[in-house]
Amino acid sequence: MSITGIKGMNDILPGDIETWQHLEEQARKVFGAFGYREIRVPVAEKTELFCRSIGETTDIVEKEMYTFTDKGGTSMTLRPEGTAPVMRAFIQHKLHALDPISKLYYIGPMFRHERPQKGRYRQFHQIGAEVIGIDDPKIDAQVLAMLSHYFMTTKIPDVSLQINSLGCPGCRPTYREALIDFLEQRLSCLCADCQRRYTSNPLRVLDCKVPGCKEVTIDAPAMLDNLCIGCEAHFTQVKNHLDALEVDYTVNPRMVRGLDYYTRTTFEMVTGSLGAQNAVAAGGRYDGLIRDLGGPELPGIGFAIGLERLALMLGEQSVLPPRPELFIATLGEAATNAGFSMLTRLQRRGIPVEMEYTGKSLKAQLRRADKIKAKRVLIIGEDELQRGMSQLRYMDESRQEEVELDSLESLLSKEIDGA
RNA sequence: GUGGGUGUAGCUCAGUCGGUAGAGCACCAGGUUGUGGCCCUGGUUGUCGCGGGUUCAAUCCCCGUCACUCACCCCA
C-alpha cells in the first residue's frame with residue numbers, strides 16, 4: 001500500500017490551484033487598497049497562547065487542537081486560527097510603538113482536529129485581516145465594506161452579511177444572567193444539547209436549530225436590547241455608516257461566536273449553497289484581547305475568510321490556467337535542436353513557450369499543442385531550417401504564415417505586448 | 001466523539017439472481033511519407049479497498065477492518 005495523505009489535509013492540484021491564486025491575488029489587491037500590509041507568522045505557537053485567547057472552555061481548545069510537546073519539553077500547538085498569533089507578534093515586536101494604528105492581513109493554513117466534511121477540513125486555509133488601535137465605529141463599517149467588496153470582486157455568489165453586537169464586559173455579564181434566568185424556567189423544554197449548552201455557553205442556545213428550542217427562545221431576552229449606552233451607541237453608528245457606504249447587511253440578534261475574545265460588533269458572511277457550512281467568513285471586534293495577552297490596552301477588529309469554502313463556491317476549475325503563447329513543433333534532429341534553443345531563449349524573455357521533446361510525429365505535436373491550448377505553433381522542418389524560415393500557425397484562427405526565424409522573437413514580443 | 005452512505009480502469013460509473021469484468025471520457029498510435037480541434041480504426045490500463053468466513057467456485061452472500069464521503073456537535 002502506497003503512502004497516502006493525512007485525513008482532512010488535502011492537496012491542491014494544478015487545475016484547482018488557479019482558483020486559489022485568484023482568491024489570494026484579489027485579497028492582496030483589495031486589502032492593499034484599504035491600507036493593509038501582510039504579516040507572516042509561524043504555523044505553531046506555544047499552546048498557552050491559544051488557551052488564553054480563544055478560551056479554555058471552547059470546543060477548539062478543549063478538543064480540536066493539534067498539540068504536542070517538542071524535544072525541549074515545550075507544549076506547542078498548530079494554530080487553529082490566525083488572530084491570536086498575529087496579536088502575539090504585534091505585542092512581541094511592539095508594533096504600536098512604530099505606529100499607533102496597524103492594519104494587517106495574513107494568508108495561510110490553520111489546523112483543527114475535527115471530523116472532516118464538506119467545506120470543513122483539518123488543515124484549512126484562511127485569509128484574515130486585523131485592525132489594531134482604532135475603536136471608532138467607522139472602522140467597523142470600513143472592515144465590513146472591505147469584506148463585502150472582496151466578495152464582490154471575487155464574484156462569490158449568494159452571500160449575505162449578518163451583524164450583531166455582543167456587548168462589552170460591562171453589559172454582557174448582566175445580559176447573560178438574565179438569559180440564564182430565562183432558560184432555567186424552560187430547561188425541560190430544551191433539547192439535550194441545549195441543556196448542556198445552558199451551563200457551558202448559554203448564548204449558544206439562541207443559535208440552536210432544533211425547532212422546539214427555537215420556539216422556546218422566541219421570547220428570550222436579546223443581547224441587542226440589553227446593551228449598555230456605549231455599546232448601543234457604537235452599534236447604531238456602525239449601522240449608520242454601513243448604510244452610508246451602501247453595504248448590504250441584516251441584523252441577526254442570535255448570532256453567536258465560537259471564540260471568547262469577541263466584544264461589541266460581530267459578523268458573518270453566510271451562504272445557503274454549502275450544506276451545513278454556511279459561514280464563509282466571520283469576525284468581530286476584540287477590544288480586550290491585546291491587553292489580556294500582556295500587550296497595551298488597544299482595541300482590535302478583524303475577520304477570517306475560509307478559502308476552501310470560497311473555492312467550493314466558485315467551483316473547481318473555475319479559473320482557467322494561462323495559455324502558452326507558443327508551442328514549438330519540429331521535424332528532424334537539426335530542427336529540433338534549433339527549436340530547443342529558441343524555446344529557452346523565449347522562456348528567458350519571460351514568454352510562456354512549450355515544445356515536444358521526444359521527436360513525435362507532427363500530428364502528435366500539434367495534438368499536444370491543442371491540448372495545452374497554445375495560442376500559436378511554430379513549425380520548423382528540415383527545408384525551412386535551411387532557408388532560415390518557419391511556419392507560424394495561429395491555432396484559434398487555423399491559419400499560418402511563413403516567418404523568418406530571426407524575426408520571430410521581435411514579432412512575438414510585439415504581438416504579446418500589444419495584446 | 002456519534003450516525004448514515006459509498007468503495008470495480010487515471011476519471012465518471014455499469015455489471016455479474018455466486019462461474020475471477022465492461023462502457024464513456026482520458027491516454028497512445030494510425031487513417032494525412034510535414035499540420036490540432038470533428039470523425040473513423042486499433043491499442044494500453046484493473047491485487048473488483050483490505051482481511052477472514054460460507055461455497056466445488058466470491059467482485060457479488062456473511063463478518064470484521066480501513067478509506068472516502070455526508071450529516072450531528074462545533075466551526076472558516
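Proteins get letters first, then strands, A, B, ... in listed order; numbering begins at 1 in each. Excluded from the calculations below are hydrogen atoms, water molecules and symmetry mates; all remaining heavy atoms, backbone and side chain alike, are included.
- Taking atom C1' in both rC61(B) and rU16(B), one finds a spacing of 13 Å when rounded to whole Å.
- Using a 4.0 Å cut-off between charged nitrogen and carboxylate oxygen, K375(A) and E415(A) do not count as a salt-bridge pair.
- K360(A) comes within 4.0 angstrom of sugar-phosphate atoms only, judged by non-hydrogen atoms across all strands, and of no base.
- Checking T358(A) against E356(A) by side-chain atom types alone, a donor-acceptor pair falls below 3.5 Å.
- Contacts of A369(A) with the nucleic acid, taken as non-hydrogen atoms under 4.0 Å apart, are absent.
- Across all strands, R197(A) comes closer than 4.0 Å only to sugar-phosphate atoms, never to a base (heavy-atom distances).
- With R264(A) contributing its side chain and G167(A) its backbone, the two residues share no donor-acceptor pair below 3.5 Å.
- No donor-acceptor contact under 3.5 Å links the side chain of R367(A) to the base of rG37(B).
- Nearer the 5' end of RNA chain B, as judged by each residue's closest nucleotide, is the contact made by E382(A), out of E382(A) and D396(A).
- The base of rC28(B) is not paired with the side chain of R368(A) by any donor and acceptor separated by under 3.5 Å.
- Counting non-hydrogen atoms under 4.0 angstrom, E62(A) reaches nothing in the nucleic acid.
- Atom CD of E114(A) and atom P of rC70(B) are 14 Å apart (whole Å).
- As a whole-Å value, the separation of K7(A) NZ from rU69(B) P is 8 Å.
- Between Q117(A) and rU69(B) there is no side-chain polar atom (N or O) within less than 4.0 angstrom of OP1 or OP2.
- Among the atoms of the strands shown, base atoms are found under 4.0 Å from some heavy atom of Y121(A).
- When the C1' atom is used for both rG5(B) and rU45(B), the distance is 29 Å, rounded to whole Å.
- Comparing the C1' positions of rU12(B) and rC68(B) gives a spacing of 16 Å, expressed to the nearest Å.
- For the pair Q391(A) CD and rU35(B) P, the computed distance is 12 Å after rounding to whole Å.
- A cation-pi arrangement is present between R257(A) and Y262(A) under the rule of less than 6.0 angstrom and at most 45 degrees off the ring axis.
- Toward the 5' end of RNA chain B, the nearer of the two residues Q400(A) and G283(A), judged by each one's closest nucleotide, is Q400(A).
- Nucleotides rU59(B) and rU54(B) place their C1' atoms 16 Å apart, quoted to the nearest Å.
- In this structure, of rU35(B), rA76(B), rG30(B), it is rA76(B) that holds the atom nearest to the side chain of F124(A).
- A salt bridge is defined here as a Lys NZ or Arg NE, NH1 or NH2 lying under 4.0 Å from an Asp or Glu carboxylate O, and R88(A) with E45(A) meets this definition.
- Spacing between rU65(B) and rG19(B) at atom P, rounded to whole Å, works out to 28 Å.
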(message) Is there a side chain to side chain donor-acceptor pair (under 3.5 Å) between D140(A) and H241(A)? Walk through the geometry before answering.
(response) CA-CA 9 Å; D140(A) 300 42; H241(A) 287 304; over 6 Å; no
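- The distance from atom CG of L331(A) to atom P of rG36(B) is 13 Å, rounded to the nearest whole Å.
- Comparing rU55(B) with rC63(B), their C1' atoms sit 16 Å apart, to the nearest whole Å.
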(request) Treat a base pair as Watson-Crick or G-U wobble with both distances under 3.5 Å, then lay out RNA chain B in dot-bracket form, 5' to 3', with | for cross-strand pairs. (result) (((((((..((((.....[..)))).(((((.......))))).....(((((..]....))))))))))))....
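- Rounded to an integer number of Å, the gap from CD of E64(A) to P of rC73(B) is 13 Å.
- In this structure, R115(A) does not reach the rU69(B) phosphate: none of its side-chain N or O atoms is under 4.0 Å from OP1 or OP2.
- Nearest nucleotide to the A279(A) side chain, out of rU35(B), rA76(B), rC28(B): rA76(B).
- Look at the C1' atom in both rA9(B) and rC28(B): the space between them is 15 Å, to the nearest Å.
- Judged by a 6.0 Å distance limit and a 45° cone about the ring axis, R186(A) is positioned over the six-membered ring of F182(A).
- Between L147(A) atom CG and rA76(B) atom C1' the separation is 12 Å, expressed in whole Å.
- Scanning atom types as modelled, no donor and acceptor separated by under 3.5 angstrom connect the side chain of D370(A) and the base of rG37(B).
- For the pair M313(A) CE and rA76(B) C1', the computed distance is 13 Å after rounding to whole Å.
- For a distance-only test at 3.5 Å, the side chain of S398(A) qualifies as a donor-acceptor partner of the base of rG36(B).
- In this entry the distance linking CG of N278(A) with P of rC70(B) reads 16 Å, nearest Å.
- A salt bridge links R399(A) with E397(A); the closest basic N to acidic carboxylate O contact falls under 4.0 Å.
- Side-chain atoms of R393(A) lie closest to rG37(B) of the nucleotides rA76(B), rC74(B), rG37(B).
- Residue K363(A) has no polar side-chain atom (N or O) positioned under 4.0 Å from OP1 or OP2 of rG30(B).
- Considering only side-chain atoms of D59(A), the nucleotide from rC74(B), rU35(B), rC28(B) that sits closest is rC74(B).
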(message) For a side chain to side chain donor-acceptor pair (under 3.5 Å) check, start with the C-alpha distance between E130(A) and T83(A), then their side-chain angles and the critical distance, and finish with the verdict.
(response) CA-CA 8 Å; E130(A) 317 282 356; T83(A) 299; 2.7 Å; yes
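- Remark: the S75(A) side chain and the T69(A) side chain contain no N/O donor-acceptor pair separated by less than 3.5 Å.
- Between the base of rU35(B) and the side chain of Q365(A) there is no donor-acceptor pair shorter than 3.5 Å.
- Residue-to-nucleotide contacts include a donor-acceptor pair under 3.5 Å from the side chain of R120(A) to the base of rC74(B).
- Comparing rC11(B) with rA26(B), their P atoms are spaced 15 Å from each other, to the whole Å.
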